[in-house]
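Note sheet for the following structure.
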Amino acid sequence: MARDTPAGDLRLANLTKTFGAFTAVDSLNLTIPQGSFFALLGASGCGKTTTLRMVAGLERPTSGQVLLGDRDIARLRPHKRPVNTVFQSYALFPHLDIFENVAFGPRRRGIRAVDEQVRQMLSLVQLDGYGRRRPAQLSGGQQQRVALARALINQPQVLLLDEPLGALDLKLRRQMQIELKRIQTEVGITFVHVTHDQEEAMTMADTVAVMNAGRIEQLGPPAEIYEFPATAFVANFLGQSNLIAGDVFGRSGSDLLVTAHGARFSVPAGRSRTDHGPVFVGVRPEKLHLADTAVQVPAGRQHLEGTVTDASYVGVSTQYLLRTGWGSELSVFVANSGAQQRFAVGDRAVAYWDPRHAFLLGRRADEEDRTIPVLDEPIGASS
Ligand SMILES: Nc1ncnc2c1ncn2[C@@H]1O[C@H](COP(=O)(O)OP(=O)(O)OP(=O)(O)O)[C@@H](O)[C@H]1O
Ligand SMILES: [Mg+2]
């Protein structure tokens with residue numbers, strides 16, 4: 001039976017799902033290494049749940065394959081797949097106590113002696129002693145952990161998690177993120193975690209895949225994607241980026257030279273996704289420094305002068321908007337370390353950065369600056 005075969009990497013090959021004329025998942029090619037914590041990140045409606053449902057066997061692919069190791073599992077019935085799913089709504093059985101909820105899978109497979117296994121699972125999710133309670137007598141976070149135990153007791157090769165923390169408040173969410181990561185490390189099962197919370201994806205996953213309109217835009221370790229995004233979508237979906245529209249006009253050593261709105265910038269070729277034509281010069285808000293116009297900008301830095309149009313104090317940092325000479329606004333985050341000068345709306349200031357912190361992206365000729373952050377969907381806005 002499926003559960004006895006050795007696990008392997010989970011591979012999606014040209015996986016496609018169409019609903020009528022609408023393509024929800026568009027020829028997805030993806031390898032998820034065995035034992036890894038993989039996050040599928042994307043805005044509402046981009047095809048995350050549909051992808052998971054095809055892996056779980058709850059949705060039939062229009063075309064393509066779902067492979068586990070060398071086995072195509074796409075034609076297996078859901079309960080024959082070595083895959084379990086944890087959903088946002090925990091779907092615990094309200095009339096059964098916690099013990100029986102967790103014991104459900106093994107009992108259904110005809111296993112009688114489940115006590116030890118259930119105890120182990122409750123201990124894994126830190127709910128020792130809760131076995132005789134009903135789901136309604138637990139908090140949201142505790143119920144979510146029961147749902148996790150109920151899935152893990154089946155020893156799946158792959159655990160699918162579809163926004164499992166969506167119903168929890170922020171603080172509990174953060175706790176459960178750390179908890180989930182600990183459990184994944186302990187059990188070593190492949191976790192595929194779906195979320196539209198970029199911080200959640202980055203906190204937990206070894207690998208993050210950013211999905212947009214049924215396709216993967218970029219995939220890699222969180223820090224790698226964040227530091228060097230491949231597309232404008234990724235640059236503004238994973239955190240925020242200032243994207244200044246310009247054109248490559250030459251090269252100097254290992255740097256590409258760009259003109260933008262009459263100013264000149266350079267970006268290392270190694271941080272450039274293209275070496276010609278229309279481009280965006282990208283800089284993250286926290287990579288920008290803000291200084292008084294009277295201050296000498298340090299050597300080797302690029303800079304822009306502007307007028308402060310907004311200053312928002314958010315505790316750990318102050319977030320400024322700086323209007324440039326051509327009217328776009330740059331977003332600048334200044335850490336509240338106590339050492340920095342404060343600026344007020346109306347002040348003139350210089351934003352400067354180390355060119356090694358910039359990145360260069362290809363741009364369609366008709367695209368303009370994107371310097372106002374694109375906000376993520378509010379949590380809980382999903383259907
Ligand atoms: N059974 C269906 N029939 C028609 N369209 C569907 C069906 N299921 C999903 N879709 C559409 O496919 C697209 C992808 O849906 P999916 O549920 O995979 O999105 P998602 O990325 O999980 O979004 P969310 O973050 O809101 O949960 C959506 O536009 C949705 O309306
Ligand atoms: Mg979904």
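Read the numbers this way: they start at 1 and go in the same order the structure lists the ligands and their atoms.
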* Please confirm whether Gly42 comes under 4.0 Å of ligand 1, counting heavy atoms of the residue only. =>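 Not so, Gly42 does not reach ligand 1.
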* Is it true that some N/O/S atom of Thr49, main chain or side chain, lies under 2.8 Å from the Mg ion (ligand 2)? ->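 Within the cut-off used here (under 2.8 Å), Thr49 does place an N, O or S atom near the Mg ion (ligand 2).
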* Given Gln142 and Tyr130, is the side chain to side chain contact (heavy atoms under 4.5 Å, CB included) satisfied, shown in steps? -> CA-CA 10 Å; Gln142 290 167 338; Tyr130 283 76; 3.5 Å; yes
* Asked: Between Asp9 and Arg11, is there a side-chain N and carboxylate O pair less than 4.0 Å apart?
  -> no
* Asked: Looking at Arg134 and Glu100, does any basic side-chain N land under 4.0 Å from a carboxylate oxygen?
  ->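 Salt bridge: no.
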Kindly confirm or rule out an N or O of [X] lying under 3.5 angstrom from an N or O of ligand 1.
{"X": "Cys46", "answer": "yes"}
{"X": "Lys48", "answer": "yes"}
{"X": "Phe22", "answer": "no"}

* Per-atom contacts of ligand 1 with Thr49, taking only distances under 4.0 Å to non-hydrogen atoms ->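 Near Thr49, the atoms of ligand 1 are 17 (O), 18 (O), 20 (P), 22 (O), 27 (O).
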* **Aromatic ring proximity, centroids under 6.0 angstrom, Phe37 and Phe191** => yes
* Which is it for His196 and ligand 1 at heavy atoms under 4.0 Å: side chain, backbone, both or neither? -> side chain
* Within-4.5 Å side-chain heavy-atom neighbours: Leu165 and Leu172 ->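 Side chain of Leu165 against side chain of Leu172, heavy atoms only: no contact under 4.5 Å found.
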* Which pairs count as salt bridge (Lys or Arg N to Asp or Glu O under 4.0 Å) when at least one residue sits in residues 23-45, sequence neighbours excluded? -> Asp26-Arg215
* Nearest-option assignment for atom 12 (O) of ligand 1, heavy atoms, candidates Ala24, Gly214, Gly20 -> Ala24
